[in-house]
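Worksheet: the structure to be examined is printed underneath.
Chain identifiers are assigned alphabetically (A, B, ...) following the order of the sequence lines, protein sequences preceding nucleic acid strands; residue numbering begins at 1 within each chain. Keep in mind that this is a model prediction, so the values were computed, not measured.
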Amino acid sequence: MPRGSLLRAIAVGVVLSVIGVVIALAIDWFPVQASTAAEDIDLLWDVLLIVSVPIFILVMAVAVYSVVRFRVRPGDTGDGEPIHGNTRLEVVWVAIPFVIVALLSVYGWIVLDDIEAKDPQAMVVNVTGQQFAWRFQYPQAGGPPIESNDLVLPLGRQVEFNIRASDVIHSFWVPAFRMKQDAVPGIVTATRVTPTKAGSFPLVCAELCGIGHSTMRQTVRVVPEGQFTAWVGRQRQGLAGAPGDELAAGRELFRQQGCAGCHTLAEAGAQAATGPPLDGLTEVAEKRNPRQSLEEYIRDSIVAPKALVVRGYSPEGMPANYGERLSEQEIDTLVRYLASASASSTGDPPR
Amino acid sequence: MSETLATPPQTNEADGRAPLARPEIVLHGIRERPSGWLAWLTTTDHKRIGLMYLFATFIFFILGGVEALLIRLQLAWSNNTLIDGTTYNGLVALHGTTMVFLFVVPILAGFGNYLVPLMIGARDMAFPKLNALSFWLLLFGGIAFYVSLFFEPPAAGWTSYAPLSDDAYLPGTGIDSWIILIHLTGLSSLVGAINFVATIHNMRARGMGFGRMPLFVWTILIYSYLLILALPSVAAAVTMLLTDRNFGTGFFDVTRGGDPVLWQHLFWFFGHPEVYIMVLPAMGMISEILPVFARKPIFGYKAIAASTAAIGFLSMLVWAHHMFTTPTATVVLAFFMLSSFVIAVPTGIKIFNWIATLWAGSITFATPLLYAVGFVGLFVIGGISGVMMAIFPVDWQLHDTYFIVAHLHYVLFGGSVFGIFAGLYYWYPKMSGRMYSEALGKLSFWVMFVGFNLTFLVQHSAGLSGMPRRIYYYPESAGWEGYNIASTIGSYLLGIGVLITAYNLVRNLKKGRRAGNDPWHANTLEWFTQSPPPENNFDVVPRIRSVEPMKDIRREVAERTGRPAGSIAQPVA
């Protein structure tokens with residue numbers, strides 16, 4: 001039994017493990033770190049690397065060593081050593097992993113407790129996922145809530161997200177915050193985040209939610225407290241002034257309802273290609289049904305899209321429930337906006 | 001026992017031109033045996049059924065592979081418009097479903113069919129006609145599923161989460177054909193599992209107690225029990241989905257008092273045992289192959305058998321770790337974190353015992369050994385990344401990203417599929433009677449090994465830096481293009497590696513060198529009979545005195561004849 005050579009294999013494994021751990025820790029695995037939870041989770045991740053890289057390398061060192069050292073020599077027809085097992089070894093390699101996973105789960109639990117700690121000063125933001133956009137609502141003491149398509153958060157204040165879904169399951173994920181929570185229809189889920197870094201970070205949907213899943217990407221903006229208060233103020237004013245400008249209200253609805261996630265419309269700056277382009281609709285409507293007005297064509301396409309699927313596009317792409325989701329007045333606003341916005345550009349839309 | 005060469009029993013067939021003087025035996029009431037392709041269609045022979053399983057599932061493997069390569073082509077570049085969203089979602093659902101339900105699970109059933117009766121010294125399975133039924137249910141399940149290509153493929157992933165899979169969001173027939181696939185392949189597996197349980201419990205050779213049963217048979221036994229326990233849950237779930245979609249019920253529809261989370265519990269209560277259903281028999285193959293090529297007994301037979309049972313039991317208790325981001329009480333999550341950790345322990349036991357089996361052996365580098373050692377290395381990576389995700393604060397970042405995609409492929413491709421390839425090469429001489437080309441086998445292994453790691457190692461990084469799974473498109477600003485190009489190149493290498501094996505195995509069916517009964521000097525009973533085995537498998541079955549009956553026989557022959565035993569054949573009755 002070449003015990004000395006096993007020791008050498010383990011020694012090589014230890015040296016390689018140290019090198020492996022150093023490399024693993026030096027690599028920047030995650031996106032930028034922008035929340036308190038991210039700091040805890042990144043530390044936990046580093047601990048995981050410190051534990052698992054040596055396990056992997058040691059196991060592989062012994063395996064590779066055995067395969068190379070005990071390969072059959074030409075002409076050798078003998079059997080290997082008739083070893084059937086070793087109870088003491090079995091006990092050792094049951095006990096060691098058991099202790100490791102027990103310690104890791106205790107540590108995991110501590111991190112979890114830390115992340116979930118509630119701050120009574122937390123600001124509530126209601127998030128709604130729908131095919132294929134996120135909408136946000138900021139409840140205001142003594143006034144109507146602010147509705148927004150942009151997620152703007154104050155730096156350093158804990159935010160409690162109450163997450164809903166209006167159609168299928170989505171998953172609310174800001175990689176820079178390291179948190180992810182499913183939005184499930186019929187259930188309000190909650191998660192807490194304290195942003196620690198100002199800047200813009202991607203917000204993505206992580207659960208397959210249909211044809212536009214890939215385009216369900218928005219941005220979260222973290223700003224200092226002062227800027228945030230100013231933003232809230234502007235939103236409030238905008239709320240008061242909105243009804244006067246019907247075009248702006250329509251554009252707002254267009255973005256809010258996720259239309260921009262799938263369609264191209266120059267007036268709204270939308271450039272997605274999952275659904276048919278909405279520039280130059282006058283000609284399209286004329287071509288497809290000359291007896292219908294442009295407004296009627298747009299309204300039907302929103303309320304009953306299955307009947308008017310454009311060739312080359314999936315009948316499942318356009319959510320069929322806008323008729324129920326929007327009020328009669330909202331549909332009117334949206335139809336008038338689309339009619340005017342689309343007429344203003346003839347657009348030779350790319351497919 | 002004498003060392004004789006096997007010769008098929010001489011049979012005299014009446015050809016109608018025999019002289020009248022010859023005595024004639026007339027049989028009544030015996031049906032003429034069908035020949036040619038009809039013999040295959042009507043067979044109840046476990047070996048023929050096993051081969052049909054292997055062939056059909058390999059075709060599905062190629063189909064699923066082509067789908068994967070199309071997926072990789074679309075993802076290679078940012079802002080790629082080669083494949084549109086609808087087609088892409090269809091490809092994802094087809095690929096996942098095909099690989100799980102039409103390749104890995106049934107090809108293991110194919111190996112079990114072929115090998116279990118041979119390994120335990122039985123003439124056939126306990127219920128040969130049920131056995132044929134399993135195969136045909138599988139095949140028609142696969143056809144019913146692929147017919148959807150001509151209408152509209154399902155587009156909700158292999159997990160078909162409700163309510164996306166409800167008719168309000170996916171009104172086409174794709175999901176319905178997926179449901180029919182789950183039902184038909186589920187029935188196929190259930191019938192097959194009951195057959196395995198009955199066979200293994202009742203038909204073992206004299207002297208083969210549970211402590212002397214080959215480890216592959218152990219894993220097939222646990223595989224069967226897991227199928228019997230887990231399948232009813234998914235069968236119930238897809239039936240509810242079917243009625244939700246077509247008959248107006250609302251099991252998963254919130255607006256009618258249903259609950260979408262119910263789907264996830266029912267699906268994963270099946271889905272996680274399914275993961276072990278897919279990997280345990282591959283582990284069993286590794287436990288058979290390593291001792292043969294290390295020329296050494298398996299290290300810790302009892303520990304490996306016990307860990308198989310332990311994994312089977314624990315696998316029923318970990319399902320909600322697929323749901324760490326679904327609304328669930330924290331204490332429940334904590335339980336599933338613990339159980340997911342604990343299941344790593346018996347898995348580790350297997351790995352350590354395998355490496356100890358290699359230790360101090362006399363290792364021959366044949367293709368099956370390469371795949372088996374490859375399995376061990378890749379499975380360690382998949383196992384470790386699994387433990388990382390069991391800690392759910394970390395899983396909040398990793399869930400539904402390419403990290404998961406990488407993890408599951410390390411377990412299912414690096415694990416199961418490398419195990420399956422090891423098994424294909426190891427038992428090919430027994431099944432075909434011919435040897436494959438060792439050079440091509442090794443080439444295939446190295447191309448697959450390099451291609452596999454290139455494809456999936458970088459996906460860990462893509463996932464960690466924020467790439468969600470199941471997206472058909474990503475902006476250039478995301479910065480994932482480098483990972484994805486590497487991954488795509490790797491996947492095509494992997495495909496070439498698989499094709500080399502397919503060529504190797506098909507070409508040598510006729511051209512390969514004759515294998516003889518026992519080319520590997522193996523341990524288990526299937527090598528006692530001819531290659532390929534006759535329809536009745538064995539004329540005589542020796543009494544079993546250890547886990548390695550063939551080694552006992554070789555030793556006895558050597559003692560009696562005074563020279564080492566080569567390839568031994570069973571005496572012809």
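Residue A:I211 comes nearest to B:Y472 through the heavy atom pair O-CE2, 3.7 Å, listed as atom of the first residue, atom of the second, then distance. The shortest heavy-atom contact between A:Q181 and B:P327 is NE2-N, 4.0 Å. In this structure, B:F365 and A:R71 approach most closely via the heavy-atom pair CE1-CB, 3.4 Å. Between B:P468 and A:V204 the shortest heavy-atom distance is CG-CG2, 4.4 Å. A pairwise comparison of heavy atoms in A:I83 and B:A360 identifies CD1-CB, 4.3 Å as the closest pair. Summarising the geometry of B:N89 relative to A:G210, their closest heavy-atom pair is ND2-O, 3.3 Å, with the distance given to 0.1 Å.
In this structure, chain A has no heavy atom under 4.5 Å from any part of B:D166. In this structure, chain B has a heavy atom under 4.5 Å from the side chain of A:I187, while its backbone stays farther away. Only the side chain of A:I115 comes within contact range of chain B, with at least one heavy atom under 4.5 Å from a heavy atom of that chain. Contact annotation for B:P475: only side-chain heavy atoms (C-beta onward) come within less than 4.5 Å of a heavy atom of chain A. Contact of A:L89 with chain B is made through the side chain alone, with heavy-atom distances under 4.5 Å. Contacts of B:M388 with chain A are made by both backbone and side-chain atoms, with heavy-atom separations under 4.5 Å. For chain A, the nearby part of B:A162 is the backbone; its heavy atoms alone come within less than 4.5 Å. At a 4.5 Å heavy-atom cutoff, B:F252 makes no contact with chain A through either its backbone or its side chain. Proximity to chain B is absent for every atom of A:R73, based on heavy atoms less than 4.5 angstrom apart. Heavy atoms closer than 4.5 Å to chain A are found nowhere in B:F293, neither backbone nor side chain.
When each of A:D113, A:I41, A:D40, A:D114 is checked for a side-chain contact (heavy atoms from CB on, under 4.5 Å) with B:P393, only A:I41 meets the rule.
For the set B:N353, B:D253, B:I351, the entry with the most heavy-atom pairs within less than 4.5 Å of chain A is B:N353. Interface remark: of the candidates A:A165, A:A63, A:P185, A:S52, A:P185 forms the most heavy-atom pairs closer than 4.5 Å to chain B. With respect to chain A, the highest number of heavy-atom pairs below 4.5 Å among B:F392, B:Y474, B:Y301 belongs to B:F392. With respect to chain A, the highest number of heavy-atom pairs below 4.5 Å among B:T330, B:T357, B:L338 belongs to B:T330. Ranked by non-hydrogen atom pairs under 4.5 Å with chain A, the options B:L369, B:V373, B:V92, B:T326 are led by B:T326. For chain B, the option among A:G108, A:A206, A:G212, A:P97 with the highest count of heavy-atom pairs below 4.5 Å is A:A206. Ranked by heavy-atom pairs under 4.5 Å with chain B, the list A:M216, A:H213, A:E116, A:H84 is led by A:H84. Looking only at heavy-atom pairs under 4.5 Å with chain A, the residue among B:V376, B:I355, B:V394 that has the most is B:I355. Per-residue heavy-atom pair counts under 4.5 Å with chain B were compared for A:I96, A:V184, A:V111, and the maximum is reached by A:V184. For the set A:N86, A:L48, A:L208, the count of heavy-atom pairs under 4.5 angstrom toward chain B peaks at A:L208. When the candidates B:P163, B:G85, B:A356, B:S477 are compared by the number of heavy-atom contacts under 4.5 Å with chain A, B:P163 comes out ahead.
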### Message
Assess the residue pair B:L164 and A:Q131 against the criterion (side chain to side chain contact (heavy atoms under 4.5 Å, CB included)); give the C-alpha distance rounded to whole Å, side-chain angles, the decisive distance to 0.1 Å, and a yes or no.
### Response
CA-CA 10 Å; B:L164 179 62; A:Q131 287 179 326; 4.2 Å; yes

### Task
I would like to know whether B:L398 and A:K180 meet side chain to side chain contact (heavy atoms under 4.5 Å, CB included); could you show each step before the answer?
CA-CA 9 Å; B:L398 305 182; A:K180 186 182 287 136; 5.9 Å; no

#### Entry: Intermediate values then yes/no, side chain to side chain contact (heavy atoms under 4.5 Å, CB included), A:W45 and B:L464
CA-CA 11 Å; A:W45 173 255; B:L464 287 168; 3.7 Å; yes

### Message
Using side chain to side chain contact (heavy atoms under 4.5 Å, CB included), reason through B:I391 and A:S105 one step at a time and then give a plain yes or no.
### Response
CA-CA 7 Å; B:I391 305 187; A:S105 54; over 6 Å; no

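For the atom pair CG of A:D79 and NE2 of B:H521, the computed distance is 10.0 Å after rounding to the nearest 0.5 Å. Here the OG-CG distance, from B:S461 to A:D28, works out to 11.0 Å after rounding to the nearest 0.5 Å. With rounding to the nearest 0.5 angstrom, the CD atom of A:E90 is 10.5 Å from the CZ atom of B:F352. Atom CD of A:E207 sits about 4.5 Å away from atom CG of B:D400, to the nearest 0.5 Å. With rounding to the nearest 0.5 Å, the separation of CD1 in B:I381 from CZ in A:F56 is 4.0 Å. Atoms CD1 and OH, on A:I169 and B:Y169 in that order, are 10.5 Å from each other to the nearest 0.5 Å.
Aromatic ring orientation, B:F299 versus A:W93: tilted (interplanar angle from 30° to 60°).
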Please report, to 0.1 Å, the donor-acceptor pairs under 3.5 Å made by any side chain of residues 172-179 of chain A, with sequence neighbours excluded.
| unit_1 | atom_1 | unit_2 | atom_2 | d |
| --- | --- | --- | --- | --- |
| A:W173 | NE1 | B:Q397 | OE1 | 3.3 |
| A:R178 | NE | A:D42 | OD1 | 2.8 |
| A:R178 | NH1 | A:P31 | O | 3.4 |
| A:R178 | NH1 | A:V32 | O | 3.4 |
| A:R178 | NH1 | A:P175 | O | 2.8 |
| A:R178 | NH2 | A:P31 | O | 2.8 |
| A:R178 | NH2 | A:D42 | OD2 | 3.0 |

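In this structure, A:S200 has no side-chain hydrogen bond (donor to acceptor under 3.5 Å, both in side chains) partners at least two apart in sequence or on a different chain.
Within a 6.0 Å radius of CZ in B:F151, no more than 12 heavy atoms belonging to other residues, nucleotides or ligands are found. Few gaps surround OH on A:Y107; more than 12 heavy atoms of other groups in view lie less than 6.0 Å from it.
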